[in-house]
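Reading through the structure tokens given below for one structure.
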Amino acid sequence: MAYWLMKSEPDELSIEGLGRLGEARWDGVRNYQARNFLRAMNVGDEFFFYHSSCPQPGIAGIARIIRAAYPDPTALDPQSHYYDAKATADKNPWSAVDVAHVQTLPRVLELGRLKQQSGLAELPLVQKGSRLSVMPVTPEQWAVIVALR
DNA sequence: GCCAACGTTGGC
DNA sequence: GCCAACGTTGGC
């Protein structure tokens, strides 16, 4: 089983929102590197749910992959914010996965705190200038973060 | 293939 | 709202 971290703006989908829904489609990823990581995910993989572009950026919970990558329908929907005019049903370059809520953390693990952990220096999240929204997390990094809860 | 211009991300 | 950093686009 692999570990990941994925960013979401809580206004779009928060860990609390996922908790209410139980399950959700993780769509709208429009970066090739992030998409490739989505495609590498397997059912059962777990990921840290990160809240970005909000008053308290940080890891807010844990969730699980329940469906492996499939064509992202929002790319074909002209009404969608994530519509891609160049995508077609036959050639849709974008992928989505389905996820399920596992755990909402009692307190958000704030970005500033994560940056202080020496064991996380290699994590793209804490690196200057990194905007990657889907990234792998090593078992060692996972353990460091889980211990902060 | 280079690179300037532009759009986006995301913390602050 | 600001702005640094990054990714993408498109002319040449």
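In what follows, chains carry the letters A, B, and so on, assigned in the order in which the sequence lines appear, proteins first and then strands, with residues in each chain numbered from 1.
With sequence neighbours left out, A/V144 forms a side-chain contact (heavy atoms from CB on, under 4.5 Å) with A/Q117, A/L120. Scanning for salt bridge (Lys or Arg N to Asp or Glu O under 4.0 Å) contacts around A/R25 gives A/D27, with sequence neighbours left out. In this structure, the salt bridge (Lys or Arg N to Asp or Glu O under 4.0 Å) partners of A/R64, at least two apart in sequence or on a different chain, are A/E46.
Among residue pairs with one or both ends in residues 87-133 of chain A, those qualifying as ring pair (Phe, Tyr, Trp, His ring centres under 6.0 Å) are A/Y32-A/W94; sequence neighbours excluded.
Considering only heavy atoms from C-beta on, A/F47 stays 4.5 Å or farther from A/L5 through its side chain.
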Pairs: protein N or O with nucleotides 7-12 of chain B N or O, under 3.5 Å:
{"unit_1": "B/dT8", "atom_1": "O2", "unit_2": "A/R131", "atom_2": "NH1", "d": "2.7"}
{"unit_1": "B/dG10", "atom_1": "OP1", "unit_2": "A/K7", "atom_2": "NZ", "d": "3.0"}
{"unit_1": "B/dG10", "atom_1": "OP1", "unit_2": "A/R131", "atom_2": "O", "d": "2.8"}
{"unit_1": "B/dG11", "atom_1": "OP1", "unit_2": "A/Y50", "atom_2": "OH", "d": "2.7"}
{"unit_1": "B/dG11", "atom_1": "OP2", "unit_2": "A/S53", "atom_2": "N", "d": "3.0"}

Would you tabulate the nitrogen or oxygen pairs shorter than 3.5 Å linking the protein to nucleotides 1-6 of chain B?
none

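The aromatic rings of A/Y3 and A/W142 sit parallel, their planes meeting at an angle under 30°, below the 60° perpendicular limit.
Cation-pi geometry between A/R35 and A/F37 is not met: the NZ or CZ atom fails to fall both under 6.0 Å from the ring centre and inside 45° of the normal.
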